Novice: 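Take a look at the following structure, please.
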There are 2 protein chains.
Amino acid sequence: MARQARALATRQAVLLAAAEVFDERGYAAATMSEILERAGVTKGALYFHFGSKEELALAVIEGQGAWLATWRPTSDSPVQTLIDLGYAFAHALVDDPMVRGSIRLTIEHGSFTQPQIAAYQRWSDAARALLEQARDAGDLHPGLDPAAAAGVITGAVTGIQLSSQVLTGRRDLLQRMADLWTMLLPGLVQPHALARISVAERAPGGGPGQAPTPAAGTGD
Amino acid sequence: MARQARALATRQAVLLAAAEVFDERGYAAATMSEILERAGVTKGALYFHFGSKEELALAVIEGQGAWLATWRPTSDSPVQTLIDLGYAFAHALVDDPMVRGSIRLTIEHGSFTQPQIAAYQRWSDAARALLEQARDAGDLHPGLDPAAAAGVITGAVTGIQLSSQVLTGRRDLLQRMADLWTMLLPGLVQPHALARISVAERAPGGGPGQAPTPAAGTGD
DNA sequence: GGTAGAATACCTACTGGACGGTATGCGATT
DNA sequence: AATCGCATACCGTCCAGTAGGTATTCTACC
């Protein structure tokens, strides 16, 4: 597909710079000039890889899916895996510029319409799949709808993350995540399952590293 | 202060139009031209009342505080009041353009920094006050921190609202709110108190109407 | 293994348009 | 008659995108 290694490198540089600028300024306020400058490439190079500002933003959003796709279960317990996923995501929100930019663009629903619906859906689907496993294992409260719970959890995580960012620059994100799980789990899982779950973060680092295979090309 | 009734009317028209446009496009993508057009006023009129685009946005954000300030407890039970407040807010998010625009601007943390922190804080403080009352009444789980719970609740509501907007244009907002309370309350209040609380929406309409006294003037 | 030439990858300079904000003037209200 | 409230016309700036040329890398053939 992409022929030269050099091309891949500049493409990645552009994507990273774009993610950073989109994260800091938002889509509309971000300027191509700042992205160019930060990536250390020229306008011609950028527009060779990405046909427009919007196309570039879509490629950044796609990075979120790439991150999620690298996630692997961390426990036999689906609920525990869900909690671990939440913490890994929280770390990515602090450390991984691609994820940060992607999330900001996803939250800004203005300019586009379809793509960030897909992004939300991906998270919700992942959570629902884990919750369905938990239900089948008899861990959840009877009558609890995994889809509804998945919606609540993804929404809550989204909002927790957002308020943490606005209020403290995400400095208290981990604490807020712990608070969320502490208060939410009793309404989801039965007491016998609750006893086997660690609500606090387990592994200090956690999460997939930088995605090895970058976003699929949306170019040309 | 404001001398003529006509002036107040145009000011309100501008504010309303601005709230709508900010809600639909976001701060940066919103143009003054569209606000002018929708308000049916000219540039001179607008800039007489608001010195800049940012000042106009701040006035819109202030509408959120005005809405919250008109809220009055709806029940003897603080927790029930909190739930009712959530539903009233959900209705305002659907019906009240000022609240919608204000929320969108609050969520976009890019251009400003201070004001929307205040907006978040107001919600968090309101929730914390109610939760402290609930704690003093012995309704909460012992050891539960009202401030932490308030943070979780405001964050969760923020995110629920946001995902509902992106995914369904807020059509399922009420359902998602009900889901949230159903799953969250067991982690907050003790069983004996839980029995006295209605998690579903109680009054069909609900919430303060359009704020009678508009936002305090930031113009001069 | 050297070279023509064809893609591929990138650079520079420019453009057209839109946008926020201002200067100035004029009727209405007090 | 003086302030208030608003209208019109204009300005400087900045930005996404493009046109057209240049460098780099790959392929093919000798």
Side-chain angles (χ1 to χ4, degrees), chain A residues 1-22 24-60 101 105 108 110-112 214 217-220, chain B residues 1-22 24-60 101 105 108 110-112 214 217-220:
Chain A
M1 180 165 286
R3 316 288 284 164
Q4 304 177 200
R6 177 185 55 143
L8 262 178
T10 65
R11 189 191 156 88
Q12 274 304 103
V14 168
L15 252 131
L16 181 63
E20 286 177 11
V21 175
F22 283 139
E24 290 168 23
R25 316 235 181 263
Y27 177 80
T31 71
M32 296 302 252
S33 321
E34 186 171 359
I35 295 174
L36 301 175
E37 197 177 346
R38 207 175 293 201
V41 303
T42 64
K43 222 163 199 183
L46 191 153
Y47 275 95
F48 174 78
H49 288 284
F50 305 94
S52 69
K53 188 182 180 183
E54 177 157 344
E55 196 176 307
L56 179 54
L58 294 185
V60 170
L105 290 175
E108 288 183 1
S111 317
F112 334 95
T218 51
D220 85 284
Chain B
M1 182 166 286
R3 315 289 284 165
Q4 304 180 199
R6 177 182 59 142
L8 262 177
T10 65
R11 189 192 157 87
Q12 274 304 102
V14 168
L15 227 64
L16 181 63
E20 287 178 12
V21 176
F22 284 139
E24 291 167 23
R25 316 235 182 262
Y27 178 79
T31 71
M32 296 302 252
S33 321
E34 187 172 0
I35 295 174
L36 301 176
E37 198 177 348
R38 206 174 293 201
V41 304
T42 64
K43 223 165 197 183
L46 191 152
Y47 276 94
F48 174 78
H49 288 285
F50 305 95
S52 70
K53 188 184 182 184
E54 178 158 342
E55 196 177 308
L56 179 55
L58 294 185
V60 170
L105 290 175
E108 289 183 1
S111 318
F112 333 96
T218 49
D220 68 295

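Everything numeric here is computed off the predicted structure, so don't read it as measured data. Order of the sequence lines fixes the chain letters, A, B, ..., with proteins taken first and strands second; residue numbering starts at 1 for each chain. Hydrogens, waters and symmetry mates play no part in the numbers below; they use all other heavy atoms, side chains included.
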Novice: Apply the test side-chain contact (heavy atoms from CB on, under 4.5 Å) to residues A/H49 and A/V14: give CA-CA distance (whole Å), side-chain angles for both, the deciding distance (0.1 Å), then the verdict.
Specialist: CA-CA 9 Å; A/H49 288 284; A/V14 168; 5.6 Å; no
Novice: Measure NE2/A/H49 against P/C/dT8 and give the value in whole Å, please.
Specialist: 13 Å
Novice: Begin from the C-alpha positions of A/Y47 and A/M32 and carry the test side-chain contact (heavy atoms from CB on, under 4.5 Å) through to its verdict.
Specialist: CA-CA 10 Å; A/Y47 275 95; A/M32 296 302 252; 3.5 Å; yes
Novice: Between A/L36 and A/T42, is the side-chain contact (heavy atoms from CB on, under 4.5 Å) condition met? List the steps.
Specialist: CA-CA 6 Å; A/L36 301 175; A/T42 64; over 6 Å; no
Novice: Under the side-chain contact (heavy atoms from CB on, under 4.5 Å) rule, what do B/I35 and B/F22 come out as? Steps first, then yes or no, please.
Specialist: CA-CA 9 Å; B/I35 295 174; B/F22 284 139; 4.3 Å; yes
Novice: Restricting to salt bridge (charged side-chain N to carboxylate O under 4.0 Å, His left out), what partner residues turn up for B/E37, sequence neighbours left out?
Specialist: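 B/E37: no salt bridge (charged side-chain N to carboxylate O under 4.0 Å, His left out) contacts found.
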Novice: Provide, to the nearest angstrom, the distance between the CZ atom belonging to B/F48 and the P atom belonging to D/dA7.
Specialist: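 So the CZ-P distance, B/F48 to D/dA7, works out to 12 Å.
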Novice: Which atom pairs link the protein and nucleotides 11-17 of chain D when you take only N or O atoms and keep those under 3.5 Å?
Specialist:
from   : atom 1 : to    : atom 2 : distance (Å)
D/dA16 : OP1    : A/A30 : O      : 3.2
D/dA16 : OP1    : A/M32 : N      : 3.4
D/dA16 : OP1    : A/K53 : NZ     : 3.4
D/dA16 : OP2    : A/M32 : N      : 3.0
D/dA16 : N7     : A/K43 : NZ     : 3.2
D/dG17 : OP2    : A/Y47 : OH     : 3.2
D/dG17 : OP2    : A/K53 : N      : 2.9
D/dG17 : N7     : A/K43 : NZ     : 3.1
D/dG17 : O6     : A/K43 : NZ     : 2.7

Novice: In this structure, how many angstroms lie between the P atom of C/dA18 and the CG atom of B/L36, rounded?
Specialist: 16 Å
Novice: Roughly, in whole Å, what's the span from CZ in B/F50 to P in D/dG5?
Specialist: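 Whole-Å distance recorded here is 13 Å.
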Novice: To the nearest Å, give me how far apart CD (B/E34) and P (C/dC19) are.
Specialist: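 Rounded to whole Å, this separation is 9 Å.
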Novice: Can you list everything that forms a side chain to side chain contact (heavy atoms under 4.5 Å, CB included) with A/T31? Sequence neighbours excluded, please.
Specialist: A/S33, A/E34
Novice: Between B/T10 and D/dC6, does any side-chain N or O lie under 4.0 Å from OP1 or OP2?
Specialist: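 Checking B/T10 against D/dC6: at least one side-chain N or O falls below 4.0 Å of OP1 or OP2.
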Novice: Which one, C/dA9, C/dC11, D/dT8, comes nearest to the side chain of B/T42?
Specialist: D/dT8
